[in-house]
Protein chains: 2
Amino acid sequence: MINTLSLQDTAELIREALSSRRFIVMICMCEAQYIGRARSFLEKGERLIVIKEDTSFLIHRPTELEPVNWQPPPNHISISLGENCVILTVRRVRKPERVVVKIYSFKGFFSDKLSDNGSFHMHLSEKEISEILRKHPELIEDGFRIVSTEFREKAGIIDVLGVDAKGRRTIVEIKKDKAGKDAVKQVLRYVREAGTGVRAILLSPNITPEAEKMLRKNGLEFKKISMLELSRIITYEEHSESSMSRFLRGE
Amino acid sequence: MINTLSLQDTAELIREALSSRRFIVMICMCEAQYIGRARSFLEKGERLIVIKEDTSFLIHRPTELEPVNWQPPPNHISISLGENCVILTVRRVRKPERVVVKIYSFKGFFSDKLSDNGSFHMHLSEKEISEILRKHPELIEDGFRIVSTEFREKAGIIDVLGVDAKGRRTIVEIKKDKAGKDAVKQVLRYVREAGTGVRAILLSPNITPEAEKMLRKNGLEFKKISMLELSRIITYEEHSESSMSRFLRGE
DNA sequence: CGCTTAATATCGTTT
DNA sequence: AAACGATGTTAAGCG
């Protein structure tokens, strides 16, 4: 950590890091003013300042999850020297909002290009979903009774097989992403193999217009499910005494 | 920035910083898994990790304003050594949620107690506007008399409650941005709870056409206010010699 | 572009 | 502890 440089030198460091679009982290004594949708003033104190490669801007205090000041990108960021401080001005490009920070001294400084190509996945497998539905068939429909899950057929594995409130055999197909024509074709294969008088419901967070048209034309049904809702259910339920809850407690 | 230490040494540094509740900043190659209200996995990449003095936890990627993973305090944070990595486990105390981070190498490390006693002021929030109106009820309407501000009702907090020149009870709702349907719905909730014979005025710098239609249909009223004008008022009236005003003058 | 809805929303206050 | 309302909410989807 650099902490022996003059303010002038540090200002030059920041200017250089900004111009080459590096990721910047500063731990410093500062005060900050925000003017935009509202106004705010943050008195002097030691904080973490982050400037990201896309000009995202954050000031974090030593406690609390949320930043005390921030500016979503894109921003125009400029540096100047004040009386006994470095002045950082962060202006939003698309809106009349700005944060002005006066930095009086540095405890830490870092700047570099960061290499991050890893992707981020939010998930809940179709298997996990069918397990949740086994415990909560009412999420499919009131009065629904599940006969089997992960049922192997010639046409493929049927996620959920059950009987509805009126006693009709029903196939349920789960898609954790937006359902397309492929999903509908898959359900159609199951239905054709199962024979006449079988209902089929496609469960997914969303469906494309074309897929929905095809589905209606073939007398199939669509029901929207929220993945978040489902994951909440498992989180709260398995709270009792399962491998999941033990895991969550770190045992 | 420390970047020549072994993983083992760095783990020890983190452990020590955690036990003395210091503010920790790391720039490192890591992957992260979240299990809780939802589930997610973040593949390997270089990121900023922040652990605050109250155990607030954040992982930031090189771009985007928002953290990719986080845990609100209080957390229980533990460190262990993996195959070729440091494993950081962040478990929320009040909820079954955890983030597990595997750190493979460090580009930067900082830890220290930060001293931040400066206070944070917001100006021209709806609360502050209602305070200005309390002092200047004529800005609402000639002859308007304010009974109370920030009045808590079941339906929500009524910004201003007053009596107009003709003696009618009047609800005033303030929106500092353009008022939309939500704002109108909010006022409607108040009016319905308040009963018959109550006026309601929506004060804001602007209103969407649909919201205005909805408002007229329900017999509510709209009055335009200028935030700039209001902020001028506080600029003149507010504490003239605070650190804020000195700052604004650039001292 | 504007409107609607979801979010690991967060955060404070009241019941 | 749970529920509700406000937020400099933010962010994504859709018409």
Side-chain angles (χ1 to χ4, degrees), chain A residues 32-42 56-59 63-73 90 92 94-99 120-124 178 205-209 224-232 234-236 248, chain B residues 32-42 56-59 64-73 75 90 92 94-99 120-130 150-159 173-186 189-190 193 206-211 213-214 227 231:
Chain A
Q33 177 201 27
Y34 160 76
I35 298 182
R37 277 168 285 183
R39 283 156 181 241
S40 71
F41 183 70
L42 174 65
S56 294
F57 179 80
L58 299 157
I59 304 179
T63 59
E64 298 170 32
L65 180 72
E66 304 252 311
V68 61
N69 282 114
W70 68 92
Q71 291 278 71
V90 183
R92 277 184 83 170
R94 302 186 202 289
K95 287 183 181 173
E97 285 184 290
R98 70 172 189 271
V99 172
F120 176 75
H121 307 277
M122 282 267 312
H123 58 265
L124 204 61
K178 187 184 247 192
N206 214 335
I207 187 167
T208 65
K224 187 174 276 194
I225 48 162
S226 155
M227 286 300 137
L228 180 60
E229 202 75 26
L230 291 177
S231 57
R232 274 192 192 124
I234 63 163
T235 309
Y236 285 118
L248 286 165
Chain B
Q33 179 198 28
Y34 161 74
I35 298 183
R37 279 166 286 184
R39 287 157 181 235
S40 72
F41 184 71
L42 175 64
S56 295
F57 178 81
L58 299 158
I59 304 179
E64 298 170 32
L65 180 73
E66 304 250 317
V68 61
N69 283 114
W70 68 93
Q71 292 278 68
N75 294 301
V90 183
R92 279 184 81 173
R94 301 188 203 286
K95 287 182 182 177
E97 284 184 291
R98 69 159 24 177
V99 172
F120 176 76
H121 309 278
M122 276 272 311
H123 302 269
L124 269 190
S125 58
E126 283 167 17
K127 203 177 217 168
E128 230 154 338
I129 295 168
S130 70
E150 303 294 313
F151 189 80
R152 182 165 290 277
E153 271 288 330
K154 273 179 193 165
I157 296 164
I158 296 174
D159 293 327
E173 173 63 25
I174 300 157
K175 283 280 163 260
K176 60 186 171 15
D177 299 311
K178 185 183 251 193
K181 276 184 172 179
D182 279 351
V184 179
K185 283 178 196 163
Q186 192 180 337
R189 279 205 307 275
Y190 299 157
E193 192 175 303
N206 213 337
I207 188 167
T208 64
E210 284 211 2
K213 208 180 292 176
M214 186 176 171
M227 284 300 137
S231 62

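Since the model is a prediction, treat every value here as computed from it, not as a measurement. Each chain gets a letter, A, B and so on, in the order its sequence line appears, and its residues count up from 1.
The side chain of Arg92(A) approaches dG8(D) more closely than any other nucleotide in the set dT8(C), dT10(C), dG8(D). Counting only heavy atoms from C-beta on, Gln71(A) has its side chain closest to dG8(D) among dT8(C), dG8(D), dA6(D). For Lys178(A), taking side-chain heavy atoms from C-beta onward, the closest of the listed nucleotides dC14(D), dT8(C), dG8(D) is dC14(D). Closest approach to the Glu66(A) side chain among dG8(D), dT10(C), dT8(C) is made by dT10(C) (side chain taken as heavy atoms from C-beta onward). Of the candidates dC11(C), dA6(D), dG8(D), the closest approach to any side-chain atom of Arg189(B) belongs to dA6(D).
Side-chain N or O atoms of Asn69(A) include none that pairs as donor or acceptor with a backbone N or O of Ile59(A) at under 3.5 Å. The backbone N or O of Arg92(B) sits nowhere less than 3.5 Å from a side-chain atom of Glu97(B) that would complete a donor-acceptor pair.
For Glu97(A) and dT10(D), the CD to P distance is 8 Å, given to the nearest whole Å. Nucleotide dT9(D) holds its P atom 13 Å from the CD atom of Gln186(B), rounded to whole Å. Note: CZ (Phe120(A)) to P (dA12(D)) measures 12 Å, nearest angstrom. The separation between Ile225(A) atom CD1 and dA6(C) atom P is 14 Å, rounded to whole Å. One atom, CG of Asn75(B), and another, P of dT8(C), lie 17 Å apart when rounded to the nearest Å. One atom, CD of Glu153(B), and another, P of dG5(D), lie 12 Å apart when rounded to the nearest Å. Between the CG atom of Asn69(B) and the P atom of dA7(C) there is a distance of 16 Å, rounded to whole Å. Counting to the nearest Å, the P atom of dT14(C) and the CZ atom of Phe151(B) are 13 Å from each other.
Between Arg37(B) and the phosphate of dT10(C), there is a side-chain N or O to OP1/OP2 separation shorter than 4.0 Å. The shortest distance between the side-chain N/O atoms of Lys95(B) and the OP1/OP2 oxygens of dT10(C) is not below 4.0 Å. OP1 and OP2 of dA12(D) both lie 4.0 Å or more from every side-chain N or O belonging to Asn206(A). The side chain of Trp70(A) contributes no N or O atom lying less than 4.0 Å from OP1 or OP2 of dT9(D).
Between Tyr34(B) and Pro73(B), the residue whose closest nucleotide on DNA chain C is further toward the 5' end is Tyr34(B). Along DNA chain D, the nucleotide closest to Arg94(B) and the one closest to Tyr190(B) are compared, and the more 5′ of them pairs with Arg94(B).
Closest approach of Ser56(A) and Leu65(B) over heavy atoms only: OG-N, 3.3 Å. Between Glu173(B) and Ile157(B), the shortest heavy-atom contact is OE1-O, 4.2 Å. Closest heavy-atom contact between Asn75(B) and Gln71(B): ND2-O, 3.2 Å. Val99(B) and Phe57(B) make their closest contact through CG1-CE2, 3.9 Å (heavy atoms, listed as atom of the first residue, atom of the second, distance).
A donor and an acceptor atom never sit less than 3.5 Å apart when one is taken from the side chain of Asp182(B) and the other from the base of dT4(C).
The separation of dT4(C) from dT8(C), taken at their P atoms, amounts to 22 Å, rounded to a whole angstrom. Distance noted for atom C1' between dT7(D) and dA6(C): 16 Å (whole Å).
Contact annotation for Val99(B): no contact, since no heavy-atom pair falls under 4.0 Å across all strands.
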